[in-house]
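Report on the structure given below.
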2 protein chains.
Amino acid sequence: MVENIDKYELILSSSRKLIEEIGFSALTMDKVAQKAGIAKGTVYLYFKDKDELLEKVLSSGFERMFERIQNRVAKESGGINKLKALIGENINHIYENRYFFKTIFLDEVNVVFLKKKSKESFNLRRKRYTDFIGEIIKSGIDSGEFRSDLYPAKGGYMLVSLIKTGAIYNFLNDRFEPVPEMIEKDTEEILNLFLHGISVK
Amino acid sequence: MVENIDKYELILSSSRKLIEEIGFSALTMDKVAQKAGIAKGTVYLYFKDKDELLEKVLSSGFERMFERIQNRVAKESGGINKLKALIGENINHIYENRYFFKTIFLDEVNVVFLKKKSKESFNLRRKRYTDFIGEIIKSGIDSGEFRSDLYPAKGGYMLVSLIKTGAIYNFLNDRFEPVPEMIEKDTEEILNLFLHGISVK
DNA sequence: TATTATAATGACTTAAAAGTCATAATACAA
DNA sequence: TTGTATTATGACTTTTAAGTCATTATAATA
């Protein structure tokens, strides 16, 4: 396997752009090569097969997102502040990469074309993120901020789900271009729902 | 197009079983025919193409689920009671069809192999369900039960998402066989989260 | 029973895309 | 500069599965 980092990244970014344009399921190795301006055989010098390429596209995207969220959250103290920062950062990341996420969230979905092994690492990544949120919730429980009857890791799942669903709702209702006030409002809305629910006080 | 309802249903149910066993992406028309004990050409007498078949599998499943949930909810009065009934019925439906939903939720996902038109009807079905929940929330707002700052239809989306996520969490953590107490507990948990959030009072 | 209409068959055609590999181009070292 | 190693190429092979249709079987009707 050849190790030219520039070409490797070129193939990755070309794949990412293609996914934004035509979606996962229409992605072919021929198109990837064409988009990158190289021959198909070359793609196979850098990636074992299509599954590995898709896996790297997904994992590199996740790592970028997770890192920025962790950095942002680290600046806050207190469960509520951390959760608010996390939600806001996550929503921002989704909007900055909205063409990609629109494909992931709406047009198709995620792990259908991955082989078993890649599916597992997909689930592991999700778990890393939800566990991270679970830790925040756990600290909040310990400090008396949060209720203790919901299992933290499960709470993490629920929150990720709410963030994603909020984005889907907006995309479906043609709120696709990012507007700072909307992102701010959505952040408050999800935080509020997750903290207090829809019931009146 | 031939109209023998028994054979039509045979093909549908064979497809459903196959999806439970091998998943959507491994489903081929040859396998469907084999499972149903008929020739491949016959499948095409009842369904225009593979897309139409998948679309019917999904829509017939949805109609069954939606109908039972509507019937159940109609028996209750008051927003909270209706929501609780809805959540419980939905979770029960997921567990009764857990092999199918496991595939849908975990192994693969939903609309990737559908053509544009079928994707649209997929989204329309989701909307019908979330709007139905939205109506319940709206009534609750009018009666003073629920907060009025969350848009009802969006609330519906959020709730569906929480129900689904709860099931995914259980499936991932090897709680796959339905246990009445667990279903009861999960129902309470989601209702509680949706009504009151994770914050302490 | 003979004739016609309907339903079913499965071998075959077609298409698409993944993956290969002999050959060519380029970079690097002696 | 020449030889060697590395990288790149794209035509070709292979695989897989959707969809077709001439033929056959079955049911309906006269």
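Worth saying up front: this structure is predicted, and the values here are computed from it rather than measured. The sequence lines fix the lettering, A, B, ..., with proteins before strands; numbering per chain opens at 1.
Side-chain rings of Phe194(A) and Phe194(B) stay apart, their centers remaining 6.0 Å or farther from each other. In this structure, Tyr157(B) has its ring center at least 6.0 angstrom away from the ring center of Tyr151(B).
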At a cut-off of 3.5 Å, list every protein nitrogen or oxygen paired with a nitrogen or oxygen from nucleotides 6-8 of chain C, distance to 0.1 Å.
residue	atom	partner	partner atom	Å
dA8(C)	OP1	Lys7(B)	NZ	2.7
dA8(C)	OP2	Tyr46(B)	OH	2.8

N/O contacts under 3.5 Å, protein versus nucleotides 25-29 of chain C?
none

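Annotation for Glu76(A) and Ala85(A): closest pair CG-CB, 3.7 Å, computed over non-hydrogen atoms.
At whole-Å resolution of the value, CD1 in Ile11(A) and P in dT7(D) are 13 Å apart. Rounded to whole Å, the distance from NZ on Lys50(A) to C1' on dT16(D) is 13 Å. Spacing between atom CZ of Phe24(B) and atom C1' of dA17(D) amounts to 18 Å, rounded to whole angstrom units. Atom OH in Tyr44(A) sits roughly 14 Å away from atom C1' in dC12(D) (whole-Å rounding). Put simply, CG on Asp51(B) is 12 Å from P on dA18(D), counting in whole angstrom units. In this structure, Leu54(A) places its CG atom 9 Å from P of dA18(C), rounding to the nearest Å. Rounded to a whole Å, the CD atom of Gln34(A) is 13 Å from the P atom of dT9(D). Atom-to-atom, CG of Asp30(B) to C1' of dT13(C) comes out at 14 Å; the value is rounded to the nearest Å.
A heavy-atom distance below 4.5 Å is not found between the side chains of Glu67(A) and Arg64(A).
The side chain to side chain donor-acceptor pair (under 3.5 Å) analysis of residues 34-46 of chain A, with sequence neighbours excluded, yields the pairs Glu21(A)-Lys35(A), Asp30(A)-Lys40(A).
Contact check on Glu20(B) versus Arg16(B) returns no salt bridge, with no Lys/Arg side-chain nitrogen under 4.0 Å from an Asp/Glu carboxylate oxygen.
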For residues 172-180 of chain A, tabulate all N or O donor-acceptor pairs below 3.5 Å that involve a side-chain atom, not counting sequence neighbours.
residue	atom	partner	partner atom	Å
Asn173(A)	ND2	Tyr169(A)	O	2.7
Arg175(A)	NE	Asn170(A)	OD1	3.3
Glu177(A)	OE1	Arg98(A)	NH2	3.1

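Here Glu188(A) pairs with Lys84(A) under the salt bridge (charged side-chain N to carboxylate O under 4.0 Å, His left out) rule; sequence neighbours left out. For the salt bridge (charged side-chain N to carboxylate O under 4.0 Å, His left out) test, no residue two or more places apart in sequence or in another chain qualifies with Lys17(B).
With DNA chain C read from its 5' end, the first of the two nearest nucleotides for Met29(A) and Gly41(A) is the one closest to Met29(A).
Across all strands shown, Leu53(A) has no heavy atoms under 4.0 Å from either base or sugar-phosphate atoms.
For dG19(C), its base sits under 3.5 Å from the side chain of Lys40(A) at one donor and acceptor pair at least.
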